[in-house]
2 protein chains.
Amino acid sequence: MQRNGSTASSGRGGRVYAVLQQAIVDQALPPGTKLPEDSIGAQFGVSRTIVRAALQRLAADGLVDMQVKRTATVARPSLEEARSVFEVRRCLEREVARLVAEKWNDGFATSLAAHLSEEQQAAHGGDSKATIRLAAEFHVKLAGMSGNPLLARYVAEVVSRCSLILSVFGRPHQSECAIEEHRAIIEALAAGDAARAATSMEHHVALVERRGVGGEAPAEPDIGEILARYLPLAPIASV
Amino acid sequence: MQRNGSTASSGRGGRVYAVLQQAIVDQALPPGTKLPEDSIGAQFGVSRTIVRAALQRLAADGLVDMQVKRTATVARPSLEEARSVFEVRRCLEREVARLVAEKWNDGFATSLAAHLSEEQQAAHGGDSKATIRLAAEFHVKLAGMSGNPLLARYVAEVVSRCSLILSVFGRPHQSECAIEEHRAIIEALAAGDAARAATSMEHHVALVERRGVGGEAPAEPDIGEILARYLPLAPIASV
DNA sequence: TCGCGCAATCAAGTATACAAGACTGGGTGG
DNA sequence: CCACCCAGTCTTGTATACTTGATTGCGCGA
């Protein structure tokens, strides 16, 4: 590794960035959530300067919306954006599969096997938060194995955005049945079959997209529908 | 287009960013050039705050090196980095070719034809600066036609980095014989032959890489060798 | 004469102050 | 009764002050 690359640049700003990013992809901060600079700064014990830089990086990553003179918010990807992201992701991860198959070695095998078993454990334990996180990490880890730092950075970015997208468009509690697909990819890689690995990967990403964005209606901030579900319960409730 | 996307975000900062980026890819600011925040700010009539944001964006783009407590400099890509960038670029532009072939229409045809003739004019007129710039713009324009804003952003980024790379590793005065290759790509696209367009594009990018990075020795900041060429002229010269 | 350490200078990291544009609520007119 | 407008408040955009870490040039010792 050379230079600082994609990870947290200067100490404190990097910390704020990392925490916010994790919170967003974990859906702890749902799309549309306001991200005021000073309150975040107070939370972390830093000034707005730091928070601002972090928000700008997140905006560059597509995780945050920033408009002039407007409070930054967690991004709410449109359906169109979602398709763009998946299209690029498919292309990038296909390349990752090709490259990793070429470079395959025992270290990769053990690392991925360990990861897979973690995934299974989380899925078995019903820890959906961890399951989602591990699924994303699988792809990031694989991209790191490509030996191409730029490719890895792009994959990390699109994977993050996909998490956000799924939080907008995905069915709420759908189980991540992706583990078997991950296993298939690993098997193809282990067999040194770059073509099959690429195909498996492409298939997997396509399935993730279908599960997430599917033929589903936009599920846009359809205020009427959403409120209708709450009205019977709280006709004129607070907030 | 939605949101602000990749272009200059807030007015002034965007201006600084755009100018610096252009200067870097035009090689007006060669790799290693120091970019002190306050003198740049003075130049543009803005404070360090603005310049800093612009430098951070450029650093995220890989055009600028920023290390803690050290003056930012124009990035000096390593040979390894260069290969990474071209690898990703090949993959992305292949996808661009596929997509543009699918969406091909007369507007694209006339726009690209016009661009090609501009390129020829510049090459004919011996304006190598313009030739290089137009060659880069060709790829960015094509990526924009893919209809995928994220893909377009990534392509713009790798193309910028390639310009920088060529300024480090490329032979100085080599003519950009890429115009014929551009024509071949356009022809394949116009024929609606996505596969051939993708192949042409891949071939073209490979050739650009070979011309730029080639089998060439790293041309690293090999101080000994570089100084040896100067010593006979100025044994203990100033600087 | 050359190398090393120290001190002065410079630039980046961060906080904060100030100005200006958005949001909110209430009041007024239709 | 509703809609619109206005003022107060809040939050961002930018500049700047201050602190701390790096850089460089000079003087001292070998």
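Note that this is a predicted model, so its numbers are computed, not measured. Numbered from 1 within each chain, the chains take letters A, B, ... in sequence-line order.
- At whole-Å resolution of the value, CD1 in A:I40 and C1' in D:dT12 are 13 Å apart.
- The 12-atom threshold is exceeded at CD of A:E102, counting heavy atoms of other residues, nucleotides or ligands nearer than 6.0 Å.
- Rounding to whole angstrom units, CE of residue B:M66 and P of C:dG13 are separated by 6 Å.
- A salt bridge does not link B:R89 with B:E209: none of the charged nitrogens is closer than 4.0 Å to a carboxylate oxygen.
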What does the list of N/O pairs under 3.5 Å between the protein and nucleotides 7-11 of chain C look like, with a distance for each?
unit_1 : atom_1 : unit_2 : atom_2 : d
C:dA11 : O3'    : B:T71  : OG1    : 3.4

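- Atom CD in A:Q56 sits roughly 12 Å away from atom C1' in D:dT12 (whole-Å rounding).
- The main-chain N or O of A:G107 is found under 3.5 Å from a side-chain atom of A:N105 such that the two form a donor-acceptor pair.
- Not one side-chain nitrogen or oxygen of A:T49 sits closer than 4.0 Å to the OP1 or OP2 atom of C:dT14.
- In this structure, CD of B:Q67 is placed 14 Å from C1' of D:dG21, rounded to the nearest angstrom.
- Here A:R12 reaches the OP1 or OP2 of C:dA15: one of its side-chain N or O atoms lies under 4.0 Å away.
- For the residue pair B:D61/B:Y17, the side-chain donor-acceptor check at 3.5 Å is satisfied.
- Between B:E81 and B:R161, at least one side-chain nitrogen of the basic residue sits less than 4.0 Å from a carboxylate oxygen of the acidic one, meeting the salt-bridge criterion.
- No side-chain donor from either of B:E137 and B:H115 sits under 3.5 Å from a side-chain acceptor of the other.
- Atom CZ in B:R48 sits about 14 Å away from atom C1' in C:dT16, given to the nearest Å.
- If you measure from atom CZ of A:R52 to atom P of C:dT16, you get 17 Å, rounded to the nearest angstrom.
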